[in-house]
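I have placed the structure first, in the form of structure tokens, so that the comments after it can refer back to it.
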Protein chains: 2
Amino acid sequence: MDLPNQSGFQSVIKARNLRMTNQRRQILQVLQESDEHLDAEAIYDRVRQKDARVSLATVYRSLTLFKNLGLVDERNLGEDYRRFETAQDEPHYHFTCLACRKVIEFNAPEIEQKIIPQIEAQGLKVTEAHLIVSGYCADCQRDQTRGKKHADTHLRIPNQTNLR
Amino acid sequence: MDLPNQSGFQSVIKARNLRMTNQRRQILQVLQESDEHLDAEAIYDRVRQKDARVSLATVYRSLTLFKNLGLVDERNLGEDYRRFETAQDEPHYHFTCLACRKVIEFNAPEIEQKIIPQIEAQGLKVTEAHLIVSGYCADCQRDQTRGKKHADTHLRIPNQTNLR
DNA sequence: ATCCCTATTGATAATTATTCTCATTATCAA
DNA sequence: TTGATAATGAGAATAATTATCAATAGGGAT
Ligand SMILES: [Mn+2]
Ligand SMILES: [Mn+2]
Ligand SMILES: [Zn+2]
Ligand SMILES: [Zn+2]
């Protein structure tokens with residue numbers, strides 16, 4: 001079963017005399033099979049389950065490559081680590097629940113149609129735009145039991161107690 | 001010479017039986033005197049120049065405190081470190097030049113007036129929203145000599161060569 | 001199928017922003 | 001002035017990401 005742009009992957013790889021490795025295929029496939037926003041570690045975990053002897057360094061290297069090839073987009077959703085998802089045709093933006101970490105995507109055509117044009121009218125050239133919204137999802141507003149479940153990716157337990 | 005809300009600072013500090021220390025005064029003052037988006041290290045440098053024997057740990061601790069008190073806002077402008085600025089009355093957003101690192105602020109009332117209300121209409125509670133735009137400023141589009149000057153804060157030289 | 005060039009990888013050390021630890025100091029109310 | 005304890009400084013610890021480098025593997029040419 002081949003995935004959508006596995007072929008587009010091939011062509012863009014060869015065009016730059018890069019090499020089509022198993023690791024790259026696996027890593028890209030994990031991204032394509034997922035509708036979530038995975039971080040490097042989550043991708044690493046999933047790739048190893050499937051089969052390969054892949055190193056975390058290669059995951060990072062491949063993500064950087066895919067990003068530069070336009071196959072994958074990097075997202076910063078207010079965490080201190082980076083998430084990745086396959087590049088979409090339509091731009092979209094992200095809401096993250098501060099309690100359960102669920103990520104909800106949304107469109108905001110005003111950004112592409114009004115805000116960015118206004119910025120570029122001032123002589124700036126825009127290459128990227130991220131609208132990052134955070135708050136509390138409907139479930140977590142209702143529940144007292146906030147932060148119980150952790151949607152959208154695997155759990156990472158931070159350290160900090162510096163909240164005063 | 002007292003600064004704007006140094007007094008508001010006093011009251012909010014006392015209200016929570018926190019203590020008004022020299023370090024906190026100095027750090028907050030650096031933020032208030034600057035119209036830039038400083039990172040912890042830049043604040044650290046400026047505070048030491050002024051006078052005090054302040055540790056970097058205290059800068060971080062104070063920034064976290066000020067953020068929680070609503071006196072200071074944290075910004076992530078696409079770098080791998082965090083910037084801070086005094087809390088503004090009006091929301092605003094940020095464009096960063098990828099070449100010279102200059103930061104340009106702009107308003108986007110559509111966000112507060114249309115986009116966020118739409119999100120909240122779906123049952124979500126929004127507590128924060130950042131629109132982070134990057135690209136190239138007018139100067140850097142013109143110049144071939146991109147990346148020469150480094151506006152808005154001190155220089156940090158990264159390591160990476162992983163760009164393929 | 002074999003050779004060869006070199007892009008890529010795995011393992012692990014290095015880097016670096018931020019947080020933690022804990023003994024010492026300073027704030028402030030009484 | 002004193003006492004309780006909030007806050008600090010110094011440096012160790014943490015953790016995500018990147019660099020190093022010898023070994024491996026892709027793929028074009030033969
Ligand atoms: Mn998304
Ligand atoms: Mn700003
Ligand atoms: Zn939630
Ligand atoms: Zn510029």
Side-chain angles (χ1 to χ4, degrees), chain A residues 9-11 13-28 38-45 47-48 52-69 74 76-84 153-164, chain B residues 9-11 13-28 38-45 47-48 51-69 74-84 153-164:
Chain A
F9 179 31
Q10 282 239 10
S11 51
I13 282 283
K14 293 196 173 178
R16 309 200 182 195
N17 82 304
L18 302 175
R19 289 175 185 175
M20 174 64 77
T21 68
N22 262 317
Q23 290 87 334
R24 286 175 179 171
R25 254 189 296 268
Q26 300 285 340
I27 291 166
L28 186 59
L38 304 174
D39 62 26
E41 204 95 33
I43 295 165
Y44 179 56
D45 292 346
V47 169
R48 326 194 81 193
R53 204 167 346 316
V54 177
S55 75
L56 183 56
T58 292
V59 171
Y60 275 106
R61 283 187 289 237
S62 300
L63 289 172
T64 303
L65 174 63
F66 295 158
K67 191 174 88 174
N68 291 335
L69 294 180
E74 178 182 338
N76 287 98
L77 305 179
E79 298 299 332
D80 55 355
Y81 50 87
R82 304 171 311 172
R83 311 270 194 115
F84 299 87
T153 193
H154 66 143
L155 191 51
R156 286 214 193 190
I157 301 168
N159 236 7
Q160 137 150 7
T161 338
N162 200 4
L163 304 180
R164 164 115 314 256
Chain B
F9 179 34
Q10 281 238 10
S11 52
I13 282 284
K14 293 197 173 178
R16 307 199 184 197
N17 81 305
L18 303 174
R19 290 175 185 177
M20 173 65 76
T21 68
N22 262 317
Q23 289 88 335
R24 287 175 178 170
R25 255 189 295 266
Q26 300 284 339
I27 292 166
L28 185 61
L38 304 174
D39 62 26
E41 204 95 31
I43 295 165
Y44 178 57
D45 292 346
V47 169
R48 326 193 82 192
D51 111 296
R53 203 165 348 315
V54 177
S55 75
L56 184 55
T58 293
V59 170
Y60 277 106
R61 283 186 288 236
S62 299
L63 289 172
T64 304
L65 173 63
F66 295 157
K67 192 174 86 172
N68 291 335
L69 294 179
E74 178 181 338
R75 305 293 184 182
N76 287 97
L77 305 179
E79 298 299 332
D80 55 354
Y81 48 86
R82 304 171 311 172
R83 311 268 195 116
F84 299 86
T153 193
H154 67 141
L155 190 52
R156 285 214 192 190
I157 301 168
N159 237 6
Q160 140 150 3
T161 338
N162 199 6
L163 305 180
R164 163 110 318 252

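The sequence lines fix the lettering, A, B, ..., with proteins before strands; numbering per chain opens at 1.
Note that CZ of B:Arg24 and CG of B:Leu63 are 11.5 Å apart. Values are rounded to the nearest 0.5 Å. Rounding to the nearest 0.5 Å places OG of A:Ser55 at 9.0 Å from CZ of A:Arg48. Of the inter-residue distances, the one linking B:Asp80 atom CG with A:Arg82 atom CZ reads 8.5 Å to the nearest 0.5 angstrom.
The side chain of A:Leu56 lies closest to D:dT17, out of C:dA7, C:dG10, D:dT17. Proximity note for B:Arg19 (side chain, C-beta onward) versus D:dT5, C:dA7, C:dT19: the nearest is D:dT5. Closest to the side chain of B:Arg24, out of C:dT8, D:dA7, D:dT20, is D:dA7. Closest to the A:Tyr60 side chain, of the nucleotides D:dT20, D:dT17, C:dT21, is D:dT17. When the nucleotides D:dG26, C:dT19, D:dT17 are ranked by their closest atom to the side chain of A:Thr21, D:dG26 comes out on top. Listed nucleotides: D:dA7, C:dT9, C:dT8. Nearest to the side chain of A:Thr58: C:dT9.
Residue B:Asn17 contributes atom CG, which lies 11 Å from atom P of D:dT5 at whole-angstrom precision. Here the C1' atom of nucleotide C:dT27 and the CG atom of B:Leu18 are 12 Å apart, to the nearest Å. Rounded to whole Å, atom P of C:dT9 lies 10 Å from atom CG of A:Asn22. Taking atom CD of A:Glu79 as the reference point, atom C1' of C:dT19 lies 16 Å away to the nearest angstrom. Protein atom CG of B:Leu63 is 10 Å distant from nucleotide atom P of C:dT18, rounded to whole Å. When rounded to the nearest whole Å, the span between CD of A:Glu74 and C1' of D:dA16 equals 12 Å. With rounding to whole Å, A:Arg61 atom CZ is found 10 Å from C:dA11 atom C1'. As rounded to whole Å, 12 Å separates atom C1' of D:dT17 from atom NZ of A:Lys67.
Between A:Gln23 and B:Ala40, the one whose closest nucleotide on DNA chain C sits nearer the 5' end is A:Gln23.
Taking the six-membered ring for Trp and the full ring otherwise, B:Tyr44 and B:Tyr60 have centroids separated by 6.0 Å or more. Separation of the B:Phe9 and B:Phe66 ring centroids falls under the 6.0 Å cut-off.
The base-pairing partner of C:dC3, taking Watson-Crick or G-U wobble contacts with both distances under 3.5 Å, is D:dG28. For C:dT24, the paired nucleotide is D:dA7, the pair qualifying as Watson-Crick or G-U wobble because both relevant distances are below 3.5 Å.
Within the 4.0 Å cut-off from OP1 or OP2 of C:dA17, not a single side-chain nitrogen or oxygen of B:Arg83 is found. Taking 4.0 angstrom as the limit, A:Arg53 places none of its side-chain polar atoms (N or O) nearer than this to OP1 or OP2 of C:dG10. Between D:dG9 and B:Arg48, no contact under 4.0 Å exists linking OP1 or OP2 to a side-chain N or O.
Nucleic acid contact class of B:Glu41 (heavy atoms, under 4.0 Å, all strands): none.
With B:Val47 as the partner, the side-chain contact (heavy atoms from CB on, under 4.5 Å) test is satisfied by one option alone out of B:Leu28, B:Thr58, B:Leu56, B:Ile27: B:Ile27.
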